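Note that the coordinates shown come from a computational prediction; the quantities given were computed from them, not determined experimentally. What you see below is based on every heavy atom in this structure, not just the backbone, and it leaves out hydrogens, waters and symmetry mates.
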2 protein chains.
Amino acid sequence: MIANTPNIITTPNIITPNIIEMNRENRVRTVSCHDCTKASVCPAYSAGAGLKAGDSGAPVHRNVRAGQNIYDAGDTFSGLYMVKSGFFKSSFIDYNGILQVTDFFFPGEIFGFDGIDGGHHKAILEALDIGSVCKIPLTLDGRRAGVLWNADTLVVLLQAASESISRDREMMYVLGKLSASRRFASFLLDISRRMAKSGFDPDAFRLCMSRNDIGNNLCLAVETVSRLINQFQSQGIIRVVRRDLRIIDRRKLEAVAEREFETEHLIGKAS
Amino acid sequence: MIANTPNIITTPNIITPNIIEMNRENRVRTVSCHDCTKASVCPAYSAGAGLKAGDSGAPVHRNVRAGQNIYDAGDTFSGLYMVKSGFFKSSFIDYNGILQVTDFFFPGEIFGFDGIDGGHHKAILEALDIGSVCKIPLTLDGRRAGVLWNADTLVVLLQAASESISRDREMMYVLGKLSASRRFASFLLDISRRMAKSGFDPDAFRLCMSRNDIGNNLCLAVETVSRLINQFQSQGIIRVVRRDLRIIDRRKLEAVAEREFETEHLIGKAS
DNA sequence: CGGTAACTTGACGAACATCAATGTGAGTGG
DNA sequence: CCACTCACATTGATGTTCGTCAAGTTACCG
């Protein structure tokens with residue numbers, strides 16, 4: 001999918017690793033890691049600081065349109081990805097052929113861990129909008145890391161993996177133990193938090209995914225999600241127009257997520 | 001909890017790293033990593049091969065009794081643990097004070113990742129039986145790994161973390177999408193597989209955890225677990241006497257887990 | 001033994017899925 | 001500019017799974 005080394009254009013900037021950016025299919029431009037707004041959270045930055053453009057371990061930038069896949073299930077693992085802009089969806093197809101949305105990714109976040117164990121990606125990674133990612137090449141042949149990788153970098157990766165584990169644990173809890181309304185409230189708060197972390201307004205944002213994706217991710221029927229949106233809206237907690245969402249009463253939303261606030265069970269009841 | 005360096009007893013064996021074993025409180029004995037049956041799957045083995053007993057990075061062996069904790073929520077992260085024998089339970093307490101059983105660990109498996117992100121353990125790790133673990137000291141001050149750790153070792157850890165992520169994803173799927181009977185069937189198959197991997201009989205083993213723990217882990221009521229055990233038993237799939245379980249018809253168990261086999265919905269129905 | 005924790009069994013209802021029908025808006029093409 | 005389409009979203013009616021409550025039963029440990 002990503003042209004790895006062949007199309008690399010060497011630029012005057014040879015002190016810092018260069019990034020190949022592909023605009024609409026074949027247009028590419030190189031960017032310096034130093035200019036990257038995500039450098040502070042990027043494991044490639046510390047590791048690649050001494051790399052030259054064209055080195056096999058140099059990060060590769062890629063632009064995508066909505067609906068495009070970064071990788072598919074079964075693709076050979078060849079590195080991790082840092083979201084530079086846009087929003088991404090991670091899903092996989094279970095042995096019954098049913099799609100399962102496992103996660104969403106926001107700018108500044110790292111994905112691709114699903115490919116380390118076993119050497120092949122288990123998930124499908126799809127762009128939900130126009131966006132860009134930076135691929136951090138990483139080879140794990142046997143037990144030896146790619147030559148460009150030092151212990152410091154791997155610690156950063158280990159920390160990212162650990163964060164991913166923590167989030168998954170949280171998610172297991174949400175799926176297993178929480179009612180539909182608490183799940184949805186938790187979901188909104190999580191999105192809001194990550195939006196803020198990515199530099200967006202935590203109280204007014206555009207839901208980048210469909211109701212279907214939300215339902216799938218929370219393991220709720222689409223209809224339930226729809227009803228919850230309405231319920232929250234009529235309770236003055238949020239305000240939604242299509243996919244644009246505004247959190248009106250964050251306190252109340254948190255209360256719902258933590259059960260302090262008993263939501264009227266409008267769902268599944270004959271009115 | 002674990003005395004780290006003070007009680008180390010240096011032995012004649014100084015070529016390989018030595019392990020401190022503490023029997024009933026204060027009795028300790030040193031063991032060589034070379035004699036360890038889990039060396040092939042242990043990240044400490046490759047990393048520690050050149051260490052001497054007493055070195056700060058040397059693995060530390062510890063024996064535990066049922067009910068003892070390896071670490072508690074909030075404990076400072078100081079390393080990962082490899083299960084040498086026995087069975088362990090990982091749980092945490094959510095912000096509502098409710099206990100959530102997240103995982104079980106079998107001989108040869110590694111736990112402790114919950115402490116890497118943030119530097120403090122989020123989980124409580126309890127021994128379900130008499131057993132022993134080997135602590136693999138690992139410090140992550142800032143972004144720098146403990147001096148004894150090389151890139152190779154960290155790759156092993158990264159792979160273990162990735163496996164943990166894969167397992168968690170699987171679990172999210174189980175919790176969110178599967179019916180009670182499919183969950184329980186999946187649970188039994190998972191236990192069986194891991195039992196086999198640990199060198200036990202995959203078809204006849206002792207459930208090391210209580211019904212309560214199973215229910216909690218699968219996010220099912222204890223009563224439901226009890227009913228499912230009965231149901232599976234009357235369908236000739238398993239045979240259970242207290243905690244001793246035998247898989248009679250593995251094919252059928254797999255079919256239940258994958259929905260091919262429609263379990264009679266004996267539950268919640270007036271007979 | 002007797003007391004407690006673990007487990008089983010039954011009855012009932014609530015929460016949510018499912019089914020079905022309708023609404024809505026972004027494209028597309030004339 | 002208007003019809004047409006198609007995916008996405010809403011809304012209502014009905015049914016099933018599983019949690020909850022309650023009352024046993026059994027093992028276990030002093």
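B:Leu207 has its CG atom 16 Å from the C1' atom of D:dA27, to the nearest Å. Between the CZ atom of A:Arg182 and the P atom of C:dA15 there is a distance of 14 Å, given to the nearest Å. For the pair B:Lys177 NZ and C:dC16 P, the interatomic distance rounds to 15 Å; values are reported in whole Å. The interatomic distance linking B:Leu175 (CG) with D:dC18 (P) rounds to 13 Å, in whole Å. In this structure, CZ of B:Phe184 is placed 15 Å from C1' of D:dC18, rounded to the nearest angstrom. Rounded to whole angstrom, the span from the CZ atom of B:Arg206 across to the P atom of D:dA27 amounts to 13 Å. The separation between A:Leu220 atom CG and D:dT10 atom C1' is 16 Å, rounded to whole Å. A:Arg242 has its CZ atom 18 Å from the P atom of C:dG23, to the nearest Å.
Judged by distance alone, with hydrogens and angles left aside, the side-chain atoms of A:Arg227 form no donor-acceptor pair with the main-chain N or O of A:Val222 at under 3.5 Å.
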Requested in this report: Could you check A:Asn216 against A:Asp213 for side-chain hydrogen bond (donor to acceptor under 3.5 Å, both in side chains), going step by step and ending with a plain yes or no?
Outcome: CA-CA 5 Å; A:Asn216 192 310; A:Asp213 287 340; over 6 Å; no

Query raised in the report: Stepwise, does the ring pair (Phe, Tyr, Trp, His ring centres under 6.0 Å) test hold for B:Phe87 with B:Phe105?
Result: CA-CA 6 Å; B:Phe87 305 95; B:Phe105 293 98; over 10 Å; no

Query raised in the report: Passes side-chain contact (heavy atoms from CB on, under 4.5 Å), B:Glu126 versus B:Ser91? Steps please.
Result: CA-CA 8 Å; B:Glu126 184 188 333; B:Ser91 55; 5.7 Å; no

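In summary, A:Asp203 and A:Arg250 engage in a salt bridge, as defined by a charged side-chain N under 4.0 Å from a carboxylate O. Classification of A:Asp129 and A:Arg206 as a salt-bridged pair fails, no side-chain N sitting under 4.0 Å from a carboxylate O. A salt bridge is defined here as a Lys NZ or Arg NE, NH1 or NH2 lying under 4.0 Å from an Asp or Glu carboxylate O, and A:Arg169 with B:Asp168 meets this definition.
Distances were taken from every side-chain heavy atom of B:Ser226 (C-beta onward) to each of C:dC16, D:dC18, C:dT9; the shortest belongs to C:dT9. Side chain of B:Asn230, nearest nucleotide from C:dT8, C:dA26, D:dC18: C:dT8. Considering only the side chain of B:Arg227, C:dA11 comes nearest among C:dA11, D:dG12, D:dC18. If you check C:dG10, D:dT11, C:dC16 against the side chain of B:Glu223, the one that comes closest is C:dG10.
Taking the six-membered ring where tryptophan is involved, the planes of A:Phe104 and A:Phe187 are perpendicular, since the angle between them exceeds 60° and thus also 30°.
A heavy-atom distance below 4.0 Å to DNA chain C is reached by these residues of residues 211-219 of chain A, ordered by number: A:Cys219.
At the heavy-atom level, A:Arg243 lies under 4.0 Å from the strands shown only through sugar-phosphate atoms.
A heavy-atom distance below 4.5 Å is found between the side chains of A:Val133 and A:Phe88.
Over its length, the helix from C:dC1-D:dG30 to C:dG30-D:dC1 turns its helix axis by 40°, as judged from the five terminal pairs at each end, rounded to 10°.
OP1 or OP2 of D:dG19 has at least one side-chain nitrogen or oxygen of B:Thr224 nearer than 4.0 Å.
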